[in-house]
Amino acid sequence: MINLFDTAQNKIVPFETRKPNEVSMYICGPTVYGPPHLGHGRFALSFDILRRYLEYSGFKVIHVSNITDIDDKIIQRANQENKLTSEIASFFEAKWFEDMEKLNVLRPTFNPHATEYIDSMIDLINQLFNLDIAYAIDDGIYLEVAKVKNYGSLSNQDLESLKSGARVDVNPYKRSPMDFTLWKHSKPGEPAWSSPFGMGRPGWHTECVVMSLQLLGEGFDLHGGAQDLIFPHHENELAQAKALSKRFANHWVHCGWVTVAGEKMSKSLDNYTTLDELLSAHDARSFRLLVLQSHYRSPLEITKETLKTADVAVARLDSAFRRFKDSIDLDTLESDMGNIRQDYLKEFQTAMNNDLDTPRAMSLVFEIVTRSNALADIANDVHKMKLATDEFKAALFICKVLGLDLKDTSNDLDQNTMNLIAKRDAARISKDFKLADQIRDELSELGWVVEDTSSGTRVHK
RNA sequence: GGCGGCGUGGUCGAGUGGUUUAGGCAGGGGCCUGCAAAGCCUCGUACGGCGGUUCGAUUCCGCCCGCCGCCUCCA
């Protein structure tokens, strides 16, 4: 049984699903108005790891993640660049998926766009309006939060304390500062859809209720996002569902954010690093490893230094992979789980079932790697080597489940490199170490790391 | 003001009421090696402060200090 922290209950609880072998999950996706940064990356990696683990655990996962392709910031950027909002949105959506692919983040089963669901959103707002839960003022339609039972239950705040903390509202006509926009009337030149309330566009909080309920149905299993979405976004989604007496998500999962010098990474603080910048200097797997080595609900500090240490750690895993891969059937590794050391799999599951304790899972991986290397070091026959390999298979398998693919970078030798290797081996056999060292220097200048093995010189990047 | 989180060894970062340790990285010593690299072995004995509960607390409770977040858009 998988146990997960549920934001609504504020504790770790067994993760129950509607159907025994299926998980329906809705993860709030990006607003595509700029290049994704490390915060987006962390969030995407966290939920990718959750999804992969659910699939490993035998669930069919229906993963819905939206693309918000109409919103104030997109309009603003379109105006600045003198482009259509749709151009801005499709450009940054493409960028998003390009980066996600580099991070080895699985594509969602469905990624609905807000603009494809405008009619359904209008319909929902209309229902709220007819129930007298929504009201109209000069600039749009608002949901009256006071009419929703237990508003604030998800974020554990009561309405009174929310009100007292609310900042001065620009719109004095709202009945409460906490009331939120369902529909915004358009200003001249802005993209607009016609509705019974006039031309305009839906507010952000409506799209996710509509799309999650439409694609996954009432009482779907899991709703996720980063912690900054708990309030107001998820609270407001929930408020709309409650107002319409619809069962909403059964389980809420929120991940922590990336920090910079202790402060939250965000566009408004202008302290962000884009995924592009990270990926140009580091292996994408190093980022995933850092995410895995911290808990998904904790803040995660990512610096050049921590990335560098992660690069080294990934190299250690790759190095073990090179050592053992030839005696492992990589094609059947995943399908033939019975072939993996069951004691290690059990430890892995125990860790993961405890609110996704990926740090423990990774420490297990490194422990296994050390042990397989140690066994291989003293192995003097085929049988002992097989034991070492069997150990390593477990580590490789766990990495695979977590989306961390180990690689052999010693392939793709060009003719020149192969010649140098042959020359060096000849030099070493004739004990011409001066020449051998000289060739080693040449190889390292070409970017190769040189290792001497029982089968001669081996190189990898 | 309300709600919430955090403070761990050189560093990043888990975790736990007590006998044996997270793990990664960095560092010291050793083995291996022609020298390296990789790998292995080994060492460092940490839990913000003050009280309380307990046979025993880093782990539970209270207070204090410091940092951070949400209450407006934010992954």
Side-chain angles (χ1 to χ4, degrees), chain A residues 10 27-31 33 36-47 71-73 152 155-158 160-170 177-178 180 204 224-233 235 254-259 261-269 272 289-290 292-295 297-303 305-317 319-320 322-323 351 354 357-367 369-378 428 431-434 436-437 440 444 449-453 457-460:
Chain A
N10 202 30
I27 309 298
C28 279
T31 301
Y33 71 101
H37 60 63
L38 300 192
H40 300 102
R42 197 257 172 114
F43 139 82
L45 285 166
S46 296
F47 284 102
D71 141 290
D72 291 1
K73 284 178 178 160
S155 51
N156 189 30
Q157 309 220 47
D158 66 80
E160 283 313 307
S161 58
L162 277 169
K163 272 191 213 158
S164 69
R167 294 163 208 194
V168 181
D169 201 287
V170 289
M178 302 323 296
F180 60 90
W204 179 40
Q227 283 167 355
D228 47 5
L229 295 187
I230 297 172
F231 193 94
H233 185 53
E235 193 71 70
H254 292 98
C255 66
W257 37 68
V258 171
T259 56
E263 288 187 313
K264 181 184 165 193
M265 176 176 287
S266 71
K267 295 208 176 161
S268 48
L269 281 172
Y272 65 93
L289 182 63
L290 287 180
L292 285 166
Q293 285 186 313
S294 65
H295 188 87
R297 286 190 284 119
S298 302
L300 174 60
E301 184 88 18
I302 297 174
T303 63
E305 286 68 35
T306 60
L307 279 165
K308 217 179 280 174
T309 65
D311 283 339
V312 178
V314 168
R316 174 170 157 76
L317 297 175
S319 160
R322 273 198 306 280
R323 182 174 200 177
N354 177 24
D357 189 354
T358 56
R360 171 63 199 130
M362 284 318 298
S363 79
L364 175 65
V365 165
F366 282 103
E367 280 167 13
V369 167
T370 300
R371 287 158 89 157
S372 24
N373 274 322
L375 282 173
D377 276 358
I378 57 163
R428 290 191 68 231
K431 299 214 186 290
D432 184 351
F433 295 122
K434 205 178 156 198
D437 290 352
R440 177 164 59 199
S444 15
V449 178
V450 181
E451 290 176 18
D452 293 338
T453 71
T457 297
R458 296 192 64 166
V459 299
H460 65 93

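By convention in this document, chain letters (A, B, ...) are assigned in the order of the sequence lines, proteins followed by strands, and residues within each chain are numbered from 1.
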Undergrad: Quick one: label A:Q227 by what it contacts on the DNA or RNA (base, sugar-phosphate, nothing), any heavy atom closer than 4.0 Å.
TA: nothing

Undergrad: Tell me the partner of B:C40, counting only Watson-Crick (N1-N3 plus N6-O4 or O6-N4) or G-U wobble (N1-O2 and O6-N3) with both under 3.5 Å; none if nothing fits.
TA: B:G30

Undergrad: If the P atom of B:C6 is compared with that of B:G10, how far apart are they to the nearest Å?
TA: 23 Å

Undergrad: Tell whether A:K264 reaches the base of B:C74 with its side chain through a donor-acceptor pair below 3.5 angstrom.
TA: yes

Undergrad: Base contacts versus sugar-phosphate-only contacts with protein, heavy atoms under 4.0 Å: please encode nucleotides 26-31 of chain B as B, S and - from 5' to 3'.
TA: S-----

Undergrad: Is the closest basic N to carboxylate O distance between A:K163 and A:E160 below 4.0 Å?
TA: yes

Undergrad: Could you measure between the two C1' atoms, the one in B:G27 and the one in B:C65, and give it in whole Å?
TA: 33 Å

Undergrad: List the steps and the verdict of side-chain contact (heavy atoms from CB on, under 4.5 Å) for A:W257 and A:Q227.
TA: CA-CA 7 Å; A:W257 37 68; A:Q227 283 167 355; 3.6 Å; yes

Undergrad: Using atom P of each nucleotide, how far apart are B:G13 and B:G2 to the nearest Å?
TA: 30 Å

Undergrad: Pairing check on B:U54: which nucleotide meets the Watson-Crick or G-U wobble criteria with it, both distances under 3.5 Å?
TA: none

Undergrad: Would you mind classifying the nucleic acid contact of A:P36 as base, sugar-phosphate or nothing, using non-hydrogen atoms under 4.0 angstrom?
TA: nothing

Undergrad: Show the nearest heavy-atom pair for residues A:V369 and A:A320, with the distance to one decimal.
TA: CG1-CB, 3.9 Å

Undergrad: Say you pick atom P in B:G1 and the same atom in B:U54; how far apart are they, in whole Å?
TA: 35 Å

Undergrad: For the residue pair A:R316 and A:T370, confirm or rule out a side-chain donor-acceptor distance under 3.5 Å.
TA: yes

Undergrad: In whole Å, I'd like the distance from the CE atom of A:M265 to the P atom of B:C74.
TA: 18 Å

Undergrad: Measuring from the side chain of A:L229 (C-beta onward, heavy atoms only), which nucleotide among B:C70, B:A75, B:G23 has the closest atom?
TA: B:A75

Undergrad: Taking only Lys NZ, Arg NE, NH1 and NH2, and the carboxylate oxygens of Asp or Glu, determine whether A:R440 and A:D437 approach each other closer than 4.0 Å.
TA: yes

Undergrad: Using a heavy-atom cut-off of 4.0 Å across all strands, would you classify A:H233 as base, sugar-phosphate, or nothing?
TA: nothing

Undergrad: Could you write nucleotides 32-46 of chain B as a row of B, S and -, 5' to 3', where a protein heavy atom under 4.0 Å of any base atom gives B, of only sugar-phosphate atoms gives S, and otherwise -?
TA: --BBBBSBSS-----

Undergrad: Distance between the C1' atoms of B:G23 and B:C61, in whole angstroms?
TA: 31 Å

Undergrad: Take atom CZ of A:R360 and atom P of B:G15, then tell me their distance rounded to the nearest Å.
TA: 12 Å

Undergrad: Sort out the partner of B:U11 for me: Watson-Crick or G-U wobble, both distances under 3.5 Å, none otherwise.
TA: B:G24

Undergrad: When rounded to the nearest Å, what value does the distance between P atoms of B:G9 and B:G69 take?
TA: 22 Å

Undergrad: Measure from CG on A:D311 to P on B:G24 and round the result to the nearest Å.
TA: 16 Å

Undergrad: Mind checking the P distance from B:G51 to B:U59? Whole angstroms is fine.
TA: 14 Å

Undergrad: Can a side chain N or O of A:S298 be found less than 4.0 Å away from OP1 or OP2 on B:A14?
TA: yes

Undergrad: Go through B:G2, B:C71, B:G4 for me and flag the one nearest to the A:M178 side chain.
TA: B:C71

Undergrad: Looking at B:C74, does its base get a donor-acceptor pair with the side chain of A:K267 below 3.5 Å?
TA: no

Undergrad: Would you measure the distance from the P atom in B:U8 across to the matching atom in B:G49 and give it in whole Å?
TA: 11 Å

Undergrad: Over how many whole Å does the gap from A:F366 atom CZ to B:C12 atom C1' extend?
TA: 13 Å

Undergrad: Quick one: closest heavy-atom pair of A:Y33 and A:K267, and the distance?
TA: OH-CD, 3.4 Å

Undergrad: Please find the pair of heavy atoms, one from A:A351 and one from A:A361, that lie closest to each other, and give the distance.
TA: CB-N, 4.2 Å

Undergrad: By nearest nucleotide on RNA chain B, pick out whichever of A:R297 and A:S161 is the more 5' one.
TA: A:S161

Undergrad: So what does A:E367 touch, heavy atoms closer than 4.0 Å: a base, only the sugar-phosphate, or nothing?
TA: sugar-phosphate

Undergrad: Does A:N156 make a side-chain N or O approach to OP1 or OP2 of B:G4 shorter than 4.0 Å?
TA: yes

Undergrad: Of the options B:A75, B:G15, B:C71, whose atoms approach the side-chain atoms of A:H295 most closely?
TA: B:G15

Undergrad: Rounded to the nearest angstrom, tell me the gap between atom CG in A:D158 and atom P in B:C71.
TA: 16 Å

Undergrad: For the pair made of CD in A:E305 and P in B:G10, what is the distance, rounded to whole Å?
TA: 18 Å

Undergrad: Which base sits across from B:C6 as a Watson-Crick or G-U pair, both distances under 3.5 Å?
TA: B:G66

Undergrad: For A:G262, answer base if it contacts any base atom (sugar-phosphate contacts may also be present), sugar-phosphate if it contacts only those atoms, and nothing otherwise; contact means non-hydrogen atoms under 4.0 Å.
TA: sugar-phosphate

Undergrad: Tell me whether A:E235 contacts the main-chain N or O of A:I230 through its side chain, where contact means a donor paired with an acceptor under 3.5 Å.
TA: no

Undergrad: For A:D357 versus A:H295, what's the shortest heavy-atom pair and its separation?
TA: CA-ND1, 4.5 Å

Undergrad: Check the orientation of A:Y272 and A:H37. Use parallel for under 30°, tilted for 30 to 60°, and perpendicular for over 60°.
TA: tilted

Undergrad: Across the strands shown, which category fits A:V365 at heavy-atom distances under 4.0 angstrom: base, sugar-phosphate, nothing?
TA: nothing

Undergrad: Please identify each residue that fulfils salt bridge (Lys or Arg N to Asp or Glu O under 4.0 Å) with A:E367, with sequence neighbours left out.
TA: A:R360

Undergrad: Please give the nucleotide sitting opposite B:G1 as a Watson-Crick or G-U wobble pair, both distances under 3.5 Å, or none.
TA: B:C71

Undergrad: With a 4.0 Å cut-off on heavy atoms, is A:K163 in touch with a base, just the backbone sugar-phosphate, or nothing at all?
TA: nothing

Undergrad: Among B:C73, B:G23, B:G24, find the nucleotide with the atom closest to the side chain of A:S363.
TA: B:G23

Undergrad: In plain terms, say whether A:E451 and A:R323 are close enough for a salt bridge, that is, a side-chain N and a carboxylate O under 4.0 Å apart.
TA: no

Undergrad: Report the residue (A:W257 or A:L300) whose heavy-atom-nearest nucleotide on RNA chain B is the more 5′ of the two.
TA: A:L300

Undergrad: Is a donor-acceptor contact shorter than 3.5 angstrom present between the side chain of A:Q157 and the base of B:G2?
TA: yes

Undergrad: Going by purine N1 to pyrimidine N3 plus the second Watson-Crick contact, or the G-U wobble pair, all under 3.5 Å, which nucleotide sits opposite B:C35?
TA: none

Undergrad: Could you report the tightest heavy-atom contact between A:S294 and A:L300, atom names first, then the distance?
TA: OG-CD1, 3.6 Å

